[in-house]
Amino acid sequence: MSRRGWRPYVDLVEVDTIEVVLEEDEPVDEFLALLHEIALEAIALRAHSPGDPRVEVYDEQAPAPPDGHATARLVRRIGKRRLVLAAAVAVVALAAAIAPGIVEARRAAARLAALEASPGVLTAASSPPAELWRTPGRVVDDQADVLLVAGTQDGSLRRVDPATGGVLWTVGAGDASPIGRCFPVDGALGPDRAPGADGAAGPATVACVPAADPNPSEAEAPLSRVVLLDPSTGTVTRTVAVQGSLLAAEPLDGDLLVVARLADGRLSAARWDLGAQAPRWEYTSRQPVVTEASDALELRSESLTVGGIALDLATGEERDAEDARRQPIRFEEYTLPGGERATWWWYAEGAYGQGRVTSDHAMRVFALLGPPLVPALTDGSLASTLVTTGDGDRLRGLDLRNGRIRWSRDHPGVASVRATLQVDGVMILEDGTTATAIDVGDGSELWRAPVDPDVTGSALTDGEVLLLPERDRDGGVELVARRIADGATLWRAAMPAGTVSLTVVGQQLVAWTGDEVVGLG
């Protein structure tokens with residue numbers, strides 16, 4: 001009995017090499033394409049010469065060639081094909097060694113580009129700034145892309161172009177006076193307001209609240225107004241009239257919380273849904289509860305407490321005041337560059353607290369030993385390390401992959417420290433009088449410099465240079481440019497006389513002297 005093997009319907013043709021051409025719509029990375037080509041060549045050489053089974057004829061009695069022909073001896077000994085294969089493998093190994101560095105360099109460049117695109121980052125800080133414009137008034141908003149100035153004489157509110165000082169729009173005193181401060185209300189887009197054609201929701205609504213009356217009248221309840229406007233056009237979208245003296249107006253998860261004291265001492269509160277332009281709930285106490293001794297307002301994560309009254313923020317219903325005071329005050333929550341969320345709750349008027357880190361994609365949850373230090377400006381470098389405070393005067397670096405402590409070191413005055421900037425693994429910490437740069441990777445201190453405590457503001461940087469306010473010998477404010485990497489002083493420049501605040505709006509440096517706003521560039 002004979003066995004015949006399986007025979008296809010067509011004869012097979014022996015093929016030495018099959019050339020495959022891949023076409024992609026998007027251009028590929030040239031460096032990665034080169035690595036791919038070298039790898040294919042190495043595979044092809046190996047396929048044609050698997051171990052090079054040919055017997056090499058080597059005459060032991062042959063005279064050795066001169067030293068200048070060492071390469072020829074090597075070629076004759078191992079064979080040309082093996083030499084080419086070895087060279088290809090060496091190139092691949094070298095490329096594999098340098099590829100991570102190239103990839104990381106490209107990632108760092110992308111992080112820096114993303115940071116530099118922020119409206120709160122200066123376009124350039126390589127040379128001292130000069131005065132570009134000056135206008136009377138005071139800065140009343142804290143947004144990085146909108147400069148709102150309140151008039152000191154007429155009470156008007158206007159938006160100023162930070163690059164030129166030109167007035168983009170003005171709201172008269174009758175609509176927005178007197179203005180104490182303005183703030184964005186995040187998430188103000190409601191279900192009845194569709195996003196733009198490009199899918200963007202547009203600028204957040206800005207709420208402007210009146211300044212506190214230095215001589216309040218107790219004879220009759222005043223009428224306080226919170227003005228809501230579109231910062232792009234200055235259009236007043238709504239005016240929330242509040243009966244009584246305004247105690248607080250705060251953004252609350254896209255809504256606006258307003259709290260007032262009536263003339264008879266009763267408490268009035270409301271939570272406004274800005275999308276629907278209607279209150280979610282309103283509350284007025286039955287008895288006077290607000291007196292001079294109980295004006296303190298405590299806003300927690302779930303409740304509002306004034307005097308002996310506690311309100312549930314979700315429903316506006318009364319709850320037990322003592323139980324509410326045992327709950328944490330309003331918590332801090334940060335979305336980290338790696339996608340994790342760090343949350344910290346404060347208890348007992350900020351004396352102690354607790355926190356945790358959560359990660360949706362990896363389902364990780366672990367506790368924090370102290371409040372996280374997360375800067376508002378960051379390039380996302382060393383995203384796997386979270387810096388925290390805690391246990392007296394200590395800083396810690398937490399590994400976000402497993403919750404373990406990477407490093408820990410002393411840092412005097414850590415309770416008052418805030419993180420302002422992180423670039424290329426360097427974090428800037430400020431405590432009001434000193435700026436300190438630390439290496440996030442190991443916690444080591446890189447440099448420190450003095451800071452004028454009388455000048456407020458956020459981080460002033462272009463991503464490579466940090467500008468810090470200091471006092472000169474004559475008592476004036478000067479700006480000192482220090483390189484973030486090593487703290488080296490690059491230049492010094494005098495600021496406008498009387499400067500009390502410095503900020504960056506629309507990538508431009510802006511100073512406020514108390515009665516004038518000055519653009520620098």
Side-chain angles (χ1 to χ4, degrees), residues 176 178-188 190 204-213 216-229 236-333 345-347 349-350:
I179 296 297
R181 66 185 179 98
C182 299
F183 54 88
V185 184
D186 296 330
T205 296
V206 170
C208 295
V209 301
D213 187 355
S217 174
E218 298 293 342
E220 58 183 51
L223 189 65
S224 302
R225 290 183 173 86
V226 179
V227 178
L228 305 174
L229 54 84
V236 177
T237 59
R238 185 174 183 84
T239 299
V240 177
V242 180
Q243 192 72 28
S245 300
L246 193 66
L247 295 179
E250 298 291 338
L252 183 62
D253 297 330
D255 295 340
L256 178 68
L257 176 68
V258 291
V259 184
R261 177 181 57 199
L262 301 179
D264 58 5
R266 290 183 300 157
L267 179 69
S268 172
R271 176 172 177 172
W272 281 81
D273 180 342
L274 300 183
Q277 296 193 2
R280 294 184 186 272
W281 54 259
E282 292 180 290
Y283 170 86
T284 302
S285 64
R286 294 182 295 273
Q287 301 294 328
V289 293
V290 180
T291 65
E292 293 297 329
S294 60
D295 282 349
L297 184 147
E298 299 174 354
L299 186 61
R300 289 175 163 77
S301 58
E302 298 178 356
S303 66
L304 163 73
T305 304
V306 182
I309 290 290
L311 300 178
D312 188 297
L313 291 177
T315 64
E317 297 176 350
E318 286 193 29
R319 53 186 299 181
D320 184 84
E322 292 303 319
D323 177 67
R325 286 192 171 92
R326 286 192 292 268
Q327 302 301 314
I329 61 177
R330 194 172 185 178
F331 61 87
E332 306 168 14
E333 185 173 46
W345 293 269
W346 286 104
Y347 290 85
E349 299 180 356

*To the nearest 0.5 angstrom, please state how far the CG atom of Asp312 sits from the CD atom of Glu317.*
7.0 Å
*Output the distance between atom CH2 (Trp345) and atom CZ (Arg300), rounded to the nearest 0.5 Å.*
15.5 Å
*Which pair of non-hydrogen atoms, one from Ala310 and one from Ala324, has the smallest distance, and what is that distance?*
CB-CB, 3.8 Å
*asked:* Against Thr305, only a single residue in Glu322, Gln327, Glu298 fulfils side-chain contact (heavy atoms from CB on, under 4.5 Å); can you say which?
replied: Glu298
*Quick one: does Pro279's side chain get under 4.5 Å of Trp272's, heavy atoms only?*
yes
*Determine the minimum heavy-atom distance between Leu246 and Ser224, stating which atoms define it.*
N-OG, 3.5 Å
*Any donor-acceptor pair under 3.5 Å linking the side chain of Thr239 with the backbone of Val227?*
no
*Side chains of Leu299 and Leu257: does their closest heavy-atom pair fall under 4.5 Å?*
yes
*Is a donor on one side and an acceptor on the other found under 3.5 Å between the side chain of Ser285 and the backbone of Leu267?*
yes
*asked:* Just so I know, are the side chains of Thr315 and Tyr283 near enough to count as touching, which here means a heavy-atom distance under 4.5 Å?
replied: no
*Please name the pair of heavy atoms, one in Asp255 and one in Asp273, separated by the smallest distance, quoted to 0.1 Å.*
OD1-CA, 3.6 Å
*Arg271 side-chain N/O to Leu313 backbone N/O, donor-acceptor pair under 3.5 Å*: yes
*asked:* Looking at every heavy atom in both Trp281 and Gly316, which two are closest together, and how far apart are they?
replied: CD2-CA, 3.3 Å
_Residue pair Glu332 / Trp346: nearest heavy atoms and the distance that separates them_ = OE2-NE1, 2.9 Å
*Under a 4.0 Å N-O cut-off, is there an ion pair linking Arg181 with Glu250?*
yes
*Arg319 (side chain) donor-acceptor with Ser303 (main chain) under 3.5 angstrom*: no
*At what distance, to the nearest 0.5 angstrom, does CG of Leu229 lie from OG1 of Thr237?*
7.0 Å
_Could you walk me through whether Leu256 and Leu228 satisfy the side chain to side chain contact (heavy atoms under 4.5 Å, CB included) test, starting with their C-alpha distance in whole Å, then the side-chain angles of each, then the deciding distance to 0.1 Å, before giving a yes or no?_
CA-CA 10 Å; Leu256 178 68; Leu228 305 174; 4.0 Å; yes
*Identify the two heavy atoms, one from Leu304 and one from Ala269, that lie closest to each other, and give their separation to 0.1 Å.*
CD2-CB, 4.5 Å
*Is the closest side-chain heavy-atom distance between Gln243 and Ser268 below 4.5 Å?*
no
_I want to check something: taking the side chain as every heavy atom from C-beta on, are Glu318 and Leu311 in contact at a cut-off of under 4.5 Å?_
yes
